[in-house]
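Letters go in sequence order (proteins before strands), and every chain restarts at 1.
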Amino acid sequence: EAGVVQSPRYKIIEKKQPVAFWCNPISGHNTLYWYLQNLGQGPELLIRYENEEAVDDSQLPKDRFSAERLKGVDSTLKIQPAELGDSAVYLCASSLGASVSTDTQYFGPGTRLTVL
Amino acid sequence: DAKTTQPTSMDCAEGRAANLPCNHSTISGNEYVYWYRQIHSQGPQYIIHGLKNNETNEMASLIITEDRKSSTLILPHATLRDTAVYYCIVRPGTYKYIFGTGTRLKVLA
């Protein structure tokens, strides 16, 4: 079974430029998560989708970050414009659902963003 | 949300059991204990989870104390490929995983 796929794996951009990350979850997984991981820290949740609906985006900095999950499968996370402090690893995860019995999360390899 | 406390780092000899402790003294009755690990430059990998009873799978064993205030992840025969950061997470009755800084396990040849 294929795992969570993310692309690109690495991205280097100049500050103030836009950037987008793509995620394809495990087939059949209705719940999708985007996390941010700073160096030496654990991942922190940015947004959670149930199918195509963003049900928790309370930690997403909405002034520059946006996300979408059209058709309830693939998802894109965008930053516009990027700032130096956005340099981090962006992780995507998916789970069957969000209940106790279905919410074990499986993570992709992440996209390492460097903003110069 | 219950907080977890883990040692910052540990070493283990290859072939020996690695025992990774986690303290979660404020855990409540419906909160699960999850363990993930993160190998360098990869995303976190699910290992095991449990509520009250000890659990075992092909990767590891999870021992939860009777009062549930602490747990131990056991890798029975550690290999060099087990070198990673191990995260103990107490998951509240929702989907939210709150990761700490984890334990950096180094398996020594």
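Among the residues in residues 99-109 of chain B, those with a non-hydrogen atom closer than 4.5 angstrom to a non-hydrogen atom of chain A are B:Phe99, B:Gly100, B:Thr101. Residues of residues 35-52 of chain B lying under 4.5 angstrom from chain A, judged on non-hydrogen atoms, are B:Tyr36, B:Gln38, B:Ser41, B:Gln42, B:Gly43, B:Pro44, B:Tyr46, B:His49 in numerical order.
Note: the hydrophobic cluster containing B:Ile63 does not contain B:Tyr32 (ILVMFWY, side chain heavy atoms under 4.5 Å, direct or indirect links). Hydrophobic clustering, with ILVMFWY side chains joined whenever heavy atoms are under 4.5 angstrom apart, keeps A:Ile26 apart from A:Leu96. In the hydrophobic cluster analysis, where Ile, Leu, Val, Met, Phe, Trp and Tyr join through side-chain heavy atoms closer than 4.5 angstrom, A:Leu36 is grouped apart from B:Val85. Hydrophobic clustering (ILVMFWY, side-chain heavy atoms < 4.5 Å, transitive): A:Val4 and A:Leu77 are in distinct clusters. By the rule that hydrophobic residues join a cluster once side-chain heavy atoms approach within less than 4.5 Å of another member, A:Tyr35 and A:Leu32 end up as members of separate clusters.
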What pairs of donor and acceptor atoms, side-chain ones from residues 79-91 of chain A against any protein atom, are under 3.5 angstrom apart with sequence neighbours left out?
{"from": "A:Glu83", "atom 1": "OE2", "to": "A:Arg64", "atom 2": "NE", "distance (Å)": "3.3"}
{"from": "A:Asp86", "atom 1": "OD1", "to": "A:Arg64", "atom 2": "NH2", "distance (Å)": "3.0"}
{"from": "A:Asp86", "atom 1": "OD2", "to": "A:Arg64", "atom 2": "NH1", "distance (Å)": "2.6"}
{"from": "A:Asp86", "atom 1": "OD2", "to": "A:Arg64", "atom 2": "NH2", "distance (Å)": "3.4"}
{"from": "A:Asp86", "atom 1": "OD2", "to": "A:Glu83", "atom 2": "N", "distance (Å)": "2.8"}
{"from": "A:Ser87", "atom 1": "OG", "to": "A:Leu84", "atom 2": "O", "distance (Å)": "3.2"}
{"from": "A:Ser87", "atom 1": "OG", "to": "A:Val115", "atom 2": "N", "distance (Å)": "2.8"}
{"from": "A:Tyr90", "atom 1": "OH", "to": "A:Asp86", "atom 2": "O", "distance (Å)": "2.7"}

Between B:Arg91 and A:Asp103, does a side chain to side chain contact (heavy atoms under 4.5 Å, CB included) hold up when you go through it step by step? CA-CA 10 Å; B:Arg91 201 210 68 194; A:Asp103 74 343; 2.7 Å; yes
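Minimum interatomic distance between A:Thr104 and B:Tyr97 (heavy atoms only, all atoms of both residues): CA-OH, 3.4 Å.
By the salt bridge (charged side-chain N to carboxylate O under 4.0 Å, His left out) test, A:Lys62 pairs with A:Asp57, sequence neighbours left out.
Counting heavy-atom neighbours within 6.0 Å of A:Leu116 CG, excluding the residue itself, gives a total above 12.
Residue contact with chain B, scored on non-hydrogen atoms closer than 4.5 Å, involves the side chain of A:Gln37 exclusively.
Ranked by heavy-atom pairs under 4.5 Å with chain B, the first of A:Gly42, A:Cys92, A:Gly40, A:Pro43 is A:Pro43.
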